[in-house]
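Let me begin by presenting the structure, written as structure tokens, before commenting on it.
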Amino acid sequence: MCSRSPDMMVSRAAITAVAALGLLSAACGPARAATTAHQLRVCADPNNLPFSNQAQQGFENKIAEVVARDLDAKLTYVWWAQRRGFVRNSLNQDKCDVLIGVPSSFEMVRTTVPYYRSTYVFVTRDDKHLKVASFDDPRLRKLRIGVQLIGDDATNTPPAHALSNRNIITNVRGYSVYGDYRQPNPPARLIDAVARGDVDVGVAWGPLAGYFAKRESVPLDVTPVSPQIDLPFLPFVFDISMGVRRGNDVLRDQLNAIIERRRGEIDRILQDYGVPRIDIGRAGPAS
């Protein structure tokens with residue numbers, strides 16, 4: 001059954017997804033048995049670190065390599081910018097077999113078991129000693145805040161909603177998760193703005209923030225937001241899975257088994273990329 005569902009931005013503002021992550025319009029496509037001629041065809045964004053890029057430097061690229069190796073399949077890519085229509089024009093047009101990172105609740109695809117759980121985070125300069133950890137921090141009414149936006153609606157990501165619900169509006173600046181695609185990794189502009197001092201606090205999807213915070217010229221603090229769910233139901237923490245076309249249960253089951261077998265390798269990749277984890281037995285950024 002086809003439906004409409006929140007985007008994976010997962011900078012996908014989760015994803016952005018989703019967060020992680022706008023709306024990806026999708027249509028139901030034909031089922032396919034596992035992979036094609038011993039190939040694992042992955043649809044991915046060619047300019048979206050830390051998730052993926054055409055040089056295969058993202059953590060989703062590295063995880064795809066783990067999966068292909070376990071399947072004894074040749075890894076190939078179909079590159080497609082993650083904009084509206086991404087799923088409709090790639091996976092559901094049978095141009096690829098799998099998306100490596102989607103919210104586990106993403107209704108457009110058949111999802112695997114989650115392979116990590118992450119969260120939106122507050123990002124601040126270490127030298128400002130702000131240590132913001134909650135949307136209820138009264139300082140947020142005066143600090144300059146940067147949030148990720150997906151479209152023209154200024155309240156279309158969970159952090160934007162949370163701030164608006166608290167009447168924190170006039171001191172908020174939006175940074176598009178799409179951005180200027182001529183630049184490398186457009187969603188990173190929000191983290192750049194925190195490092196430059198253009199804003200005092202950035203609120204971003206954790207994997208994006210954790211990766212780029214390490215690469216700025218000044219030390220940045222990355223702190224999971226609180227609460228994890230803003231009542232009545234506005235979550236900031238998301239489980240992330242792999243996604244296949246609806247009906248492709250053969251490949252979905254294979255991927256589930258690989259996630260369990262290779263969980264240690266996958267965890268090490270996520271740790272290397274600074275992905276903040278909110279998993280069982282783990283809290284805060286991976287280290």
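In summary, Asp267 and Arg277 engage in a salt bridge, as defined by a charged side-chain N under 4.0 Å from a carboxylate O. Using a cut-off of 4.0 Å between Lys/Arg side-chain N and Asp/Glu carboxylate O, Arg268 and Glu265 are scored as not salt-bridged. Comment: Asp200 engages Lys128 in a salt bridge, judged by a side-chain N to carboxylate O separation of less than 4.0 angstrom.
Contact of the Val121 side chain with the Val123 side chain is registered, since non-hydrogen atoms from C-beta on lie closer than 4.5 Å. Under the 4.5 Å side-chain criterion, counting only non-hydrogen atoms from C-beta, Asp192 is in contact with Glu216. Side chains of Gln148 and Leu208 form a contact here, defined as non-hydrogen atoms less than 4.5 Å apart. Taking the side chain as every heavy atom from C-beta outward, His38 and Asp72 never approach each other to under 4.5 Å. Within the 4.5 Å cutoff, the side chain of Asp127 has no heavy atoms near those of the Pro219 side chain. In this structure, the side chains of Pro158 and Tyr120 come closer than 4.5 Å at one or more pairs of heavy atoms. For the pair Gln39 and Leu75, the minimum side-chain heavy-atom distance is 4.5 Å or more.
The CE atom of Met242 lies 11.5 Å from the OG1 atom of Thr111; values are rounded to the nearest 0.5 Å.
With hydrogens and angles ignored, the 3.5 Å screen pairs no side-chain donor or acceptor of Arg41 with any backbone N or O of Leu91.
Both Leu234 and Ile168 are assigned to one and the same hydrophobic cluster, defined by single-linkage of ILVMFWY side chains at heavy-atom distances under 4.5 Å. Tracing side-chain contacts under 4.5 Å through hydrophobic residues (I, L, V, M, F, W, Y), one reaches Val98 starting from Val113; they form part of the same cluster. No chain of hydrophobic side-chain contacts below 4.5 Å, direct or via other Ile, Leu, Val, Met, Phe, Trp or Tyr residues, connects Leu255 to Val78.
Between Phe236 and Phe135, the ring center distance clears the sub-6.0 Å criterion.
Ser241 and Ser104 share a side-chain donor-acceptor pair at under 3.5 Å. Counted by atom type alone, Arg189 and Gln183 present one or more donor-acceptor pairs between their side chains at under 3.5 Å. Side-chain atoms of Tyr77 and Asn61 form a donor-acceptor pair, as typed in the model, at a separation below 3.5 Å.
Under a cut-off of 6.0 angstrom, the local environment of NZ in Lys95 is crowded, with over 12 non-hydrogen atoms contributed by other residues, nucleotides or ligands.
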